[in-house]
Amino acid sequence: MAVKSNHVTIKGIKDGLVFLLDDQCEFEDLLGELRFKLEHSHQNILTGPIIHVDIKLGSREVTEEQKESILEILRQKGNLLIRSVESPGLPSEVQGEAPIHTVTGIIRSGQVLHHNGNLLFLGDVNPGGIITCTGDIYVLGALRGMAHAGMEGNGEAIIAASYFAPTQLRISEMISRPPDEWETRESGMEFAYLKDGAMQIDKMSNIVRLGRDFNVFKGV
């Protein structure tokens with residue numbers, strides 16, 4: 001099958017892919033080209049690890065059924081995680097949980113890493129290093145510097161780290177007490193959160209107790 005039209009444009013962005021779908025062609029032609037490109041082209045960027053995808057439909061207004069038709073094709077690629085669908089007929093929406101931006105490296109003394117949204121940092125935050133974001137902070141590594149989550153007033157944000165030895169924690173406007181005032185804790189991944197206006201530290205396995213919209217594995 002050869003598809004010579006160009007109703008589907010796939011662009012790489014910093015943290016995922018954007019699918020620009022033509023808003024003038026017949027809808028069935030659009031689906032056909034989308035299906036073809038996913039199966040026969042762009043394999044260098046459509047295979048591999050999880051990729052966040054934003055879908056832009058231009059001025060095309062779609063029904064819920066048409067939107068599902070598009071999503072069904074994209075879901076056939078198991079590594080494509082649909083993040084948003086933009087259309088005049090649909091509110092700009094995020095599918096599933098809020099996306100997490102991933103960064104890797106080492107934050108050394110004097111360095112600052114900031115992100116708008118939720119952040120997964122793969123590496124260590126050394127003493128004197130600072131990591132800030134407007135959402136949650138997850139550090140898969142040692143947190144020995146300062147971390148500030150929910151910095152635009154999100155009091156439900158959390159800070160989690162594989163090794164929890166921060167010089168200071170901030171969630172929204174709340175600043176933590178010095179670590180030596182915290183209770184003696186077991187080793188293992190922990191997280192910080194606010195409860196009744198105070199900073200709390202708990203084991204990561206207890207994060208479900210926050211009552212947030214996490215997907216909970218209950219076994220089979």
Side-chain angles (χ1 to χ4, degrees), residues 1-105 113-123 131 133-140 149-150 152 154 156-158 160 207 212-217:
M1 177 181 178
V3 175
K4 297 181 179 179
S5 57
N6 193 26
H7 303 319
V8 177
T9 301
I10 304 173
K11 289 187 175 181
I13 57 176
K14 186 176 181 180
D15 59 347
L17 297 173
V18 176
F19 281 62
L20 302 172
L21 306 187
D22 186 272
D23 54 10
Q24 301 299 317
C25 67
E26 294 293 331
F27 187 70
E28 289 303 320
D29 293 339
L30 183 68
L31 294 183
E33 183 174 333
L34 178 60
R35 189 177 296 108
F36 177 85
K37 287 196 170 180
L38 288 179
E39 294 176 353
H40 300 289
S41 68
H42 297 74
Q43 295 305 302
N44 58 324
I45 57 175
L46 293 175
T47 57
I50 296 294
I51 306 172
H52 290 105
V53 171
D54 300 308
I55 303 169
K56 298 182 182 296
L57 293 165
S59 61
R60 184 190 297 273
E61 295 188 11
V62 295
T63 64
E64 283 295 325
E65 183 178 352
Q66 289 174 321
K67 185 185 78 170
E68 279 303 311
S69 297
I70 293 171
L71 297 181
E72 186 64 28
I73 294 172
L74 290 167
R75 287 171 184 147
Q76 292 177 11
K77 285 286 187 181
N79 63 319
L80 299 185
L81 185 60
I82 311 303
R83 181 165 53 189
S84 66
V85 181
E86 291 184 10
S87 164
L90 297 170
S92 181
E93 59 182 294
V94 173
Q95 305 290 321
E97 303 83 1
I100 295 179
H101 182 62
T102 303
V103 178
T104 185
L113 171 63
H114 174 74
H115 173 68
N116 291 320
N118 300 320
L119 178 64
L120 171 62
F121 183 72
L122 308 178
I131 185 168
C133 79
T134 58
D136 299 333
I137 295 174
Y138 301 90
V139 178
L140 286 186
E152 293 185 355
N154 180 7
E156 294 188 350
I158 67 171
I207 196 170
R212 294 175 53 174
D213 189 24
F214 292 117
N215 293 319
V216 180
F217 176 71

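Listed here is the closest heavy atom pair of Ile13 and Leu17: CG1-N, 4.0 Å. Residues Gly135 and Ala157 approach most closely at O-CB, 3.5 Å, considering heavy atoms. The heavy-atom pair separating Val62 from Gln66 by the smallest distance is CA-OE1, 3.2 Å. Residue Phe121 comes nearest to Gly105 through the heavy atom pair CZ-O, 3.2 Å, listed as atom of the first residue, atom of the second, then distance. Cys25 approaches Leu30 most closely through the heavy-atom pair SG-CB, 3.9 Å.
Here CG of Leu57 is found 10.0 Å from NZ of Lys67. Values are rounded to the nearest 0.5 Å. Residue Thr102 holds its OG1 atom at 9.0 Å from CG of Leu140, rounded to the nearest 0.5 Å. Note that the CG atom of Leu120 and the CD1 atom of Ile100 stand 6.5 Å from one another [nearest 0.5 Å]. Taking NE2 of His7 as the start and CD of Glu26 as the end, the distance is 9.0 Å to the nearest 0.5 Å. Between the OH atom in Tyr138 and the CD1 atom in Ile131 there is a gap of 12.5 Å [rounded to 0.5 Å].
Looking at residues two or more places apart in sequence or on another chain, you find a side-chain hydrogen bond (donor to acceptor under 3.5 Å, both in side chains) between Asp54 and Arg83, Ser84. Applying the side-chain contact (heavy atoms from CB on, under 4.5 Å) test to Glu39 and every residue at least two apart in sequence or in another chain returns Arg35, Gln76. The side-chain hydrogen bond (donor to acceptor under 3.5 Å, both in side chains) check on Ser59 picks up Asp23, with sequence neighbours excluded. Every side-chain contact (heavy atoms from CB on, under 4.5 Å) that Glu28 has, sequence neighbours left out, goes to Leu31. Every residue meeting the side-chain contact (heavy atoms from CB on, under 4.5 Å) condition with His115, not counting sequence neighbours, appears here in chain and number order: His101, Leu119, Cys133.
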Go through the steps to decide whether Val85 and Ile70 satisfy the test side-chain contact (heavy atoms from CB on, under 4.5 Å), and finish with yes or no.
CA-CA 10 Å; Val85 181; Ile70 293 171; over 6 Å; no
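At a threshold of 4.5 Å between non-hydrogen side-chain atoms, the residues Asp22 and Glu33 do not count as touching. In this structure, Leu34 and Phe19 have side chains that are in contact, with non-hydrogen atoms separated by less than 4.5 Å.
Checking side-chain atoms of Asp136 against main-chain N and O of Ile158 turns up a donor-acceptor pair under 3.5 Å. Thr104 places a side-chain N or O within donor-acceptor distance of the main-chain N or O of Leu122, the cut-off being under 3.5 Å. The closest donor-acceptor contact from the side chain of Thr134 to the backbone of Gly117 lies under 3.5 Å.
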